[in-house]
Each structure stands twice: as structure tokens, then as C-alpha cells.
Protein chains: 2
Amino acid sequence: MSGRQTGRPTLEEVAALAGVGRGTVSRVINGSARVSDRAREAVARAVAELGYVPDRAARALAGSRTDAVALVVPETEARLFAEPYFLDVIRGVSAELGAADKQLLLTLIRTEQERQRFEQYLAAQRVDGVLLVSVHRDDPLPDQVRALGLPAVLNGRRSPQEPLAYVDTDNVGAGRSAVDHLAGRGRCRIATITGPLDMDAAQGRLSGYRQGLAAAGLPEDERLVATGDFTEDGGRRAMRELLARCPDLDAVFAASDLMAVGALAVLRARGLDVPGDVALVGVDDSPVARHLDPPLTTVRQPIEEMGRRMAGILLRQIAGEGGVEPSRLVLPTELVVRRSS
Amino acid sequence: MSGRQTGRPTLEEVAALAGVGRGTVSRVINGSARVSDRAREAVARAVAELGYVPDRAARALAGSRTDAVALVVPETEARLFAEPYFLDVIRGVSAELGAADKQLLLTLIRTEQERQRFEQYLAAQRVDGVLLVSVHRDDPLPDQVRALGLPAVLNGRRSPQEPLAYVDTDNVGAGRSAVDHLAGRGRCRIATITGPLDMDAAQGRLSGYRQGLAAAGLPEDERLVATGDFTEDGGRRAMRELLARCPDLDAVFAASDLMAVGALAVLRARGLDVPGDVALVGVDDSPVARHLDPPLTTVRQPIEEMGRRMAGILLRQIAGEGGVEPSRLVLPTELVVRRSS
């Protein structure tokens, strides 16, 4: 045995004990024919003596399957539970993976330390693939997953140049249809509360908002744009900012329903009537939109379907049916008009 | 190579190829000295030729650690997201595991098929230990985990004879303190909405309720006991039952806040005032209790602390510091009086 007290035997130690090069060890492990019987035997003996277990080989020999898939949400528990979007994604993913008899493992990543730990977890080949939701532009995890060569699908791309497979919705169209609708109702001081601008979904909805203004012949006014973070609190903060800058605004397009809930609370507290004084439109069509008073006009995303499609693409990747080009799927959105606008 | 197209090579195949018995193969793999050099060499050759990877050995040789822990919730996504109890447990578990640099994997088990799949996942040694919440009496998973010899801690025991480690709260005390309080306010037709009676927590709270009645000199009346399921809907159904049977009840002890929310909605719809006509007490002290109108009197469980303590006990088990006797920890509860009683 080697003198190491802990840790697993390395390829180098096997090579040293067998008296061959590292390449020879790899070839034996990978079942290559280009190895002499003598070398093969020496490596086999060293492997058994050291108890060497090649991770990748172990996985390959075990049939390449852990039958488990990780769903990564880079958020706190509080945010996970507060955001109905995640429930619907999980529901869709879960339905698809369940039908394929795969184990879904949900994991939250909130700190750099947790990200590093999760990367090690992935490197140990403990799951067949990874689903990533709520991805921000500078998140290093997608590239790490890619470097590991693991099957992976994003919920929302990081940028239009996204190299990984993703399922997204038409974010530009969402912003555009909200503003078309508000302008069509005669509103001309239309504000927006954006998502976090390091997310492509937020950028897309903001572009759509600008396109909508241009199409309606309304001028752009940066005072009518406030940055939120997709949370209810963020919606409240942004709404206060907007009212401080432009007390005469007559409509708000909030880039998520939860932010619209926050905005509505602020408008109410200021004695402003929705939709009388200010029309309000959200995005998602989460249950909260229907139960709000007044019920919220919103741009519906097919969230559960996104979850199902992500899982479906991942399952095909795992089965080796992914093709060379990563799948890029953009699902349409739909305006649902209710009493808030 | 063997003729099998898929699946991993078995111990039997190694034994057959090496021309030795299964026991010899095991002894070689486990590094026993009681094996001849010739047998050891034959096994080593067969192991390398077949690419045999012993699961347990692989784990032992890799340092026994996956650095991942599974948290199992036997509920649907909808129920997971609707029940603040789970958020707090996850928060506590997550804090403790994060500090110990362990990966938390959350998994939902809703069907027999999912349970079987998860058992296979556990048997493959892909996690260091398991935390189980919301365990019902006849759930086979805890015994399977026990048979696998995996470190495991339950959130709530299955029965007073629970052989596994668990962290629980004083459920009997919770029921007792709720009824003591209601009787102390002069209520004498005190009903209860129980949890699912195949859960020890529900049985314990019901025992406490009965003890409270006896201590107050109030007669037991089975018409005042309705079975719920810890959900808001279940609380609504049980409240309707109770009112149909005993329209003159003057207090309700609901064994969870969420069931109290359902009960309150039914009482309201019947034009009954809380607490004027009917006093209401819940269990948990989840955020909903504070935000209810009127704010809900409830028996506080230290849920986040339960999560932390469960994770702490599991980490000690994983580190081999568990001791012979499983840990049994019962945390105290505390009555929080608000306006509903």
C-alpha cells in the first residue's frame, strides 16, 4: 500500500507500482487493445493492490448512469419558497423526470463556497445531468458544467450567444405586448420595473418595453425605468423610486408578477387607484396574479411547460440523442388581460 | 469481457472468471490477508478485465465521503411550497450543513415508484446520510435506510418505539398547553382538528388535547374531534364537519397553523366571530399566524432549530461520533397568545 493515510489512490501511484507510464494505465482502464498482456497484468495487479477506482471509468463501467439529475436554484430558501415561478418549474421538471424514472435532486446555491462545493459534487459524476434556473450573466457554474462535459440545460440563457442548451420564453415579445396593450388603452407615461439587469430575461423584457414605446410613438424617458430584482420587496422599492421621479406616470409594466404585487402595495398606500390612476401589468401569470385585488393583467409564461421541456432536452442529451448543436427553445408568451389595466 | 451488453459486472462474474469463490473475491476487495497470492492475482486480473467496481469498496477507498446529504420530503411540490414548516426545516438544515461544507440535496417522494427509485439511489451510496421529514407510521423508507446502514435522522418519530435517531418537539405538551389556555379562558366546548393520525405528531397533540380536557374537568366528546391532514383544505373540511356535529362549540385547537387558517375561513363564512364566538389556537407559529386577522394564538415549535439539530446529529453520525444509542431529542414548545383566543 502507499503511505497515504487518507484520500484515494491516484493514477500516478498505480503507474509507479505497475512500473508503467500513466498513459498505459489509462489505456488498460479504458479497455484499449494497444497494451501488452504483461503491462495489462501489471496494471491490474497494481489497481487491485491499491484499491484504485477510476471515477470516470467507474461511471462508464457502471453503465454511465446515476439515474439522478440535479436542479440548481441559485437563491435562498426564502426566495425559493416566495417565488411561484420556481414551484412551477419544479413541477414541470419533476413530472418529466418522474415519467423517465430519474431521481430529481434540488439544490440551492447561495454563496461562492457553495458553488465550489457543488462543482466538486458534479466533478465526482454523481448526477447524469444538470438543470440550471435563474442564471445570471456572470454565474461561473454553467461554464464549469460545460467544462465537465455534463449534460446541461438552462432555464433562460445568459446572453444571446449562450453556448449551452436552454429553454426560454420570448422575453422581448413579453415586454412588447405589455406596452402595446397599455398604449392601446391610452396610457402615455408608461414606466417599467425591470428584473436584475445581469439576467437576459430582464434585458429582453426591457428591450421589448422600449420597442413598444417606439411603436406607439412615445418618447423614451430614463426616469420611467427603475431596476428591480424580481422580488416583491424590489418591486416596492422600484415603485417608490418611480413615483418620486415621475409622480404623473399613468402605467407600470413590472417584469414579474411578484414585483407587480410590491408596486401595487405602494400605489395603494399613496392613495392611487389601479387601474384608474395607474394601470399595472406583470409577467408570469402566477396564482398571485389571479388573486390580487384588482386581478392583475399579466404576460403569461408557460412555466411548467418550460420545466418539462428542459427535462426532456436533458434526458435526450443523457441518452446521447442530443445532436451536435445544443437545443435552443424559445416558447411564446401570451397577454392575459384582467382588471388592473 | 462478459457477454452482457449493459449493466455493471457482478461479483459472481469476477469470481467465475478468476476461478475462485465469491468469498475470496470479497476478501481480496476488502484487503483481507486471508487470501493466497495466487487467488489475489487471479481476482485482480478478473477485476481489471471485467472493469468490476465494487460500490462499497469504491466508497471506502474514496475516503467514505460523498459530502452530500439528502433531505427527503414525502410530499408534492405544491404541498412543499404551501407549508411554511418545510421552509423553516430546510433553512435550519441548510445552515448547519453549509457550515460543515456538505451539499444538501432536496428530494420529493410522492409515489411508490419514486420511493423504490430513491432506495436504489441510496443503495448506490451517493449520499453520506439522509434526513427524513414528515414521516408517517407505515412509511417503509426509514426501515430501508436503516437496513442500508446509512446515517439517518428523522424529523418527528414514527412511534414512541422509534429505533432511528430523531428530533421532535413535545407534541403532547403542545396539545396540553393549548387546551389549558382555552379552558383558562372559560371555554368548555373545545374541539380539535387533528393532523393525519398515522403521524406520531398528530397522535401526540391529540393526547395532549385529551389530557388538557381531563385536567380542566371537561368531558371528552368524540364529536368534537375531527381528523385533518395538516393542510389548509383539510382544516376547512374538518371545521365544516365539527360545525355540522356541534354547532355550539366555543373553541378549536387546530394541530397546525395552516389548518387553523382553513378553519378560520369556514368560521368567517358562517358569520361566527373569532374569538367572540369561537376561540382558535394553532400549532407552529409560522409567519401566517402573525399575519392572520385576527393574529393567531399558536403553540410555537422551534422549527428552524429542529432542522439545525437534525443536521448536527447526522453530521456526528457521519463522522462516526454517533455513539451506540441513537440520538433522541425532544425540543420544548411555547404558547404564543394573540388575539384569536
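To find a chain, count down the sequence lines: A is the first, B the second, and so on, and within it residues start at 1.
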**Asked** Which residue out of A:Gln120, A:Gln116, A:Gln113, A:Glu114 racks up the most heavy-atom pairs below 4.5 Å with chain B?
**Response** A:Gln113

**Request:** Output the option from A:Ala68, A:Pro84, A:Gly98 having the highest count of non-hydrogen pairs under 4.5 Å with chain B.
**Result:** A:Gly98

**Contact origin within B:Tyr121 toward chain A - heavy atom pairs under 4.5 Å** = side chain

**Message:** Within this structure, what is the CZ-CZ distance for the pair A:Arg79 and A:Phe86, rounded to the nearest 0.5 Å?
**Reply:** 5.0 Å

**Fill in**
Counting heavy-atom pairs under 4.5 angstrom with chain A, the leader among B:Ala70, B:Ser94, B:Ala82 is B:Ser94

**Prompt:** For B:Ser286, does its backbone N or O pair with a side-chain atom of B:Asp257 as donor and acceptor, under 3.5 Å?
**Reply:** yes

**Item:** chain A contact via B:Gln103 - side chain, backbone, both or neither, heavy atoms under 4.5 Å
**Value:** both

**Electrostatic pair A:Arg110-A:Glu77, nearest N-O below 4.0 angstrom** = yes

**Item:** Proximal component of B:Leu87, with respect to chain A [non-hydrogen, under 4.5 Å]
**Value:** both

**Prompt:** Is B:Glu83 close to B:Glu75 at the side-chain level, that is, under 4.5 Å between some pair of heavy atoms?
**Reply:** no

**Prompt:** Are A:Asp67 and A:Asp101 side-chain neighbours, meaning at least one heavy-atom pair lies under 4.5 Å?
**Reply:** no

**Complete:** So, the part of A:Ile90 with a heavy atom under 4.5 Å from chain B: the answer is both

**Fill in**
Tightest non-hydrogen contact, residues A:Asp285 and A:Ala289, listed as OD1-CB, 4.0 Å

**Request:** Could you look at B:Leu80 and say if it's the side chain, the backbone, both or neither that has a heavy atom under 4.5 Å from chain A?
**Result:** both

**Item:** Winner by heavy-atom pair count (cut-off under 4.5 Å) against chain A, out of B:Thr111, B:Thr107, B:Ile109
**Value:** B:Thr107

**Asked** Of all heavy-atom pairs between B:Arg268 and B:Asp293, which one has the smallest distance, and what is that distance?
**Response** NH2-O, 2.5 Å

